[in-house]
Amino acid sequence: MLNMTQHAGKVLPDLDNGSIAKSKGYPVRKAIVVGIFGWLLAGVAGASELQKVTFATNWLAQAEHGGFYQSVADGTYAECGLDVTILPGGPQVNGRALMLADKVQFHMGGDLLQAFSSVEQNIPVVSVAAIFQKHPQVIVAHPGKAETFEDLKNLTLLIGDNGFRSYYRWMMAEFGFTVEQRIPYTFNPAPFLADVDKGMQGYLSSEPYVIQKEGGFTPLVFLIADAGYSTYATTIETMADTIANDPEGVQCFVEGSIKGWYNYLYGDRAAADELIKGHNPEMSDDKIAYAIEKMLEHGIVDSGDALEMGIGALTDEKVEDFYNKMRSSGVMEADIDWKSAYTTQFVNQGVGMDLK
């Protein structure tokens, strides 16, 4: 069975998601334990019989974590026997390290580059589901300054160091973007707002939202996934030993999360939103609604293979495609056993599609 050790600390994101929120210096509050209590369990096993597990997210609570909160709020995890605590991320600790230390059982991964890095370092972390079929990384531009993704080559681009080492190298190899046109992004939109000839990296629900609020205009938004950056994102990670020792627990958490995402995107999400705001008081109803609108508009969660196989879908073809792109663009130098970075054992069965 999964180790039941609980942790009341904080979690560090290990994904550079381009969000302006990172620059705000929001305080990391003591984790609010979001458990499943006995009164939610009518007709289900009593709370004392539930298996306690902790899921560490990789950033502060937000709508992009909504499906997980949904399954806590409505008892979906409890229905298959899990008492799930969500441990929100923040800027000062490392959730993946907590999982490696057996302090949490599941971790919210960033994208496949992190999974490939684990293989390269012989760390037995395995991705068991991919909640985001598309990476939410975007490049934004001023109105009238670009019609296509390739038109962004005519602009000076504000790109952070992590982005420069990853997707921007792919952009250079695939489209001919240059080192010279990139300047470091400090998660401050002021240089972009002041210069119509600048573009800027962003997170789909963050920078465009801030620009509308602070700049008073709607920017052009180019999703790098739509340009061919084909990684999954917001994965569910666990240890290889956990899969071997408790496949039923992993299946419960994965399927519970998938159902939560259907219910969150297409059903009544009010209780989940309250839990999100409880973990992150900076998260407003307006910002949550904006994020959900954009996730649906751009097919971040429910698109591609997920339309046929269900949310959380993982396929060999897509992982191999992204791996080859990262090798050919020089983002990855090592030749690794990329298939060991993930498993399709727990997904691709159409779970939850009836809830849509």
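The figures here come from the full heavy-atom set of this structure, side chains too, leaving out hydrogens, waters and symmetry mates. No experiment lies behind these values; they were computed from the predicted model shown. In this chain, numbering begins with 1 at the start of the sequence shown.
In this structure, I236 and F68 have side chains that are in contact, with non-hydrogen atoms separated by less than 4.5 Å. Put simply, the side chain of S206 does not reach to within 4.5 Å of the side chain of F187, judged on heavy atoms. Here the side chains of Y323 and D335 are in contact, with some heavy-atom distance below 4.5 Å. Q212 has its side chain within reach of P219: a pair of non-hydrogen atoms, C-beta onward, lies under 4.5 Å apart. No side-chain heavy atom of T231 sits under 4.5 Å from any side-chain heavy atom of L113. Put simply, the side chain of I288 reaches to within 4.5 Å of the side chain of M283, judged on heavy atoms. Side-chain contact between M108 and W59 is absent, with no heavy-atom pair separated by less than 4.5 Å. Side-chain contact between T54 and M99 is absent, with no heavy-atom pair separated by less than 4.5 Å.
Within the 3.5 Å criterion, the main-chain N or O of H298 finds a donor-acceptor partner in the side chain of K134. At distances below 3.5 Å, not a single donor-acceptor pair connects side-chain atoms of Q51 with backbone N or O atoms of L82. Remark: side-chain polar atoms of H107 are not paired, donor with acceptor, to backbone N or O of A97 under 3.5 angstrom. Of the possible donor and acceptor atoms, one in the side chain of Q201 sits under 3.5 Å from a partner among the backbone N and O of G160. Side-chain atoms of E293 never come within 3.5 Å of backbone atoms of A289 as a donor-acceptor pair (strictly under, hydrogens ignored). Between the side chain of K318 and the backbone N or O of Q133 there is at least one donor-acceptor pair closer than 3.5 Å. A donor-acceptor pair under 3.5 Å is absent between the side-chain atoms of Y77 and the main chain of G260, judged by distance alone. Proximity of a side-chain donor or acceptor of T234 to a complementary backbone N or O of I131 within less than 3.5 Å is not detected. Counting only distance, with no hydrogens or angles, the side chain of Y264 and the backbone of K259 share no donor-acceptor pair below 3.5 Å. Remark: side-chain polar atoms of Y262 are paired, donor with acceptor, to backbone N or O of I311 under 3.5 angstrom.
Taken from CD in Q121 to CD1 in I336, the straight-line distance is 10.5 Å, to the nearest 0.5 Å. Between the CG atom in D273 and the CG atom in D268 there is a gap of 9.0 Å [rounded to 0.5 Å]. Rounded to the nearest 0.5 Å, atoms CG (L275) and CG (N280) are 12.5 Å apart. Interatomic distance, E255 CD to E79 CD, rounded to the nearest 0.5 Å: 12.0 Å. The CG atom of D102 sits 8.5 Å away from the CE atom of M239 when rounded to the nearest 0.5 Å. A distance of 7.0 Å separates CE of M326 from OG of S230, quoted to the nearest 0.5 Å.
No path of Ile, Leu, Val, Met, Phe, Trp and Tyr side chains, each step under 4.5 Å between heavy atoms, connects V196 with F222, placing them in separate hydrophobic clusters. By the rule that hydrophobic residues join a cluster once side-chain heavy atoms approach within less than 4.5 Å of another member, L355 and V301 end up as members of one cluster. Under the 4.5 Å side-chain contact rule for hydrophobic residues, V331 and V319 share a cluster. No chain of hydrophobic side-chain contacts below 4.5 Å, direct or via other Ile, Leu, Val, Met, Phe, Trp or Tyr residues, connects L307 to V351. When the side chains of ILVMFWY residues are joined at heavy-atom separations under 4.5 Å, either directly or via intervening members, F175 and I159 end up in a single hydrophobic cluster.
Heavy-atom minimum distance, V84 versus F55: CG1-CB, 4.5 Å. Nearest approach of I300 to K294, heavy atoms of both residues: CG1-O, 4.4 Å. Here the closest heavy-atom approach between residue L314 and residue A130 is recorded as CD2-CB, 3.7 Å. Here the shortest heavy-atom pairing between V254 and F346 reads CG1-O, 3.5 Å. When all heavy atoms of M200 and I211 are compared, the closest pair comes out as CE-CD1, 3.8 Å. Considering every non-hydrogen atom in both L158 and P184, the closest pair reads CD2-O, 3.9 Å.
Relative orientation of the W170 and F149 rings is tilted, given thresholds of 30° and 60° on the angle between their planes. Classified by interplanar angle (parallel below 30°, tilted 30° to 60°, perpendicular above 60°), the ring pair F106/F253 is parallel. In this structure, Y69 and H279 have perpendicular ring planes: the angle between them is above 60°, well past the 30° mark.
Screening L155, L157, V221, L220 against I139 for a side-chain contact (heavy atoms from CB on, under 4.5 Å) leaves a single residue, L157.
Taking a cutoff of 4.0 Å between a charged side-chain nitrogen and a carboxylate oxygen, K325 and D321 qualify as a salt bridge. In this structure, D285 pairs ionically with K277, as a charged nitrogen and a carboxylate oxygen lie closer than 4.0 Å.
Donor-acceptor pairing under 3.5 Å is lacking for the side chains of Y167 and N162. Side-chain contact annotation: D161 with Y168, donor-acceptor N/O pair under 3.5 Å absent. Under the 3.5 Å distance criterion, with hydrogens and angles disregarded, no donor-acceptor pair is assigned to the side chains of S284 and D286. In the model, S205 has a side-chain atom that pairs as donor or acceptor with a side-chain atom of E64 under 3.5 Å. A donor-acceptor pair shorter than 3.5 Å cannot be found between the side chains of D111 and Q137.
Heavy atoms of other residues, nucleotides or ligands lying less than 6.0 angstrom from CD of Q181 number more than 12. Counting non-hydrogen atoms of neighbouring residues, nucleotides and ligands closer than 6.0 angstrom, the CD atom of E297 exceeds 12 such neighbours.
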**OP:** Decide yes or no on side-chain contact (heavy atoms from CB on, under 4.5 Å) for D197 and T156, but give the supporting numbers first.
**Re:** CA-CA 6 Å; D197 290 318; T156 299; 6.0 Å; no
Subject >> Evaluation steps, side-chain contact (heavy atoms from CB on, under 4.5 Å), between Y203 and Q62 >> reply: CA-CA 13 Å; Y203 196 68; Q62 54 192 274; 3.9 Å; yes
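Taking the ring axis of F164 as reference, the NZ or CZ atom of R182 stays within 45° of it and closer than 6.0 Å to the ring centre.
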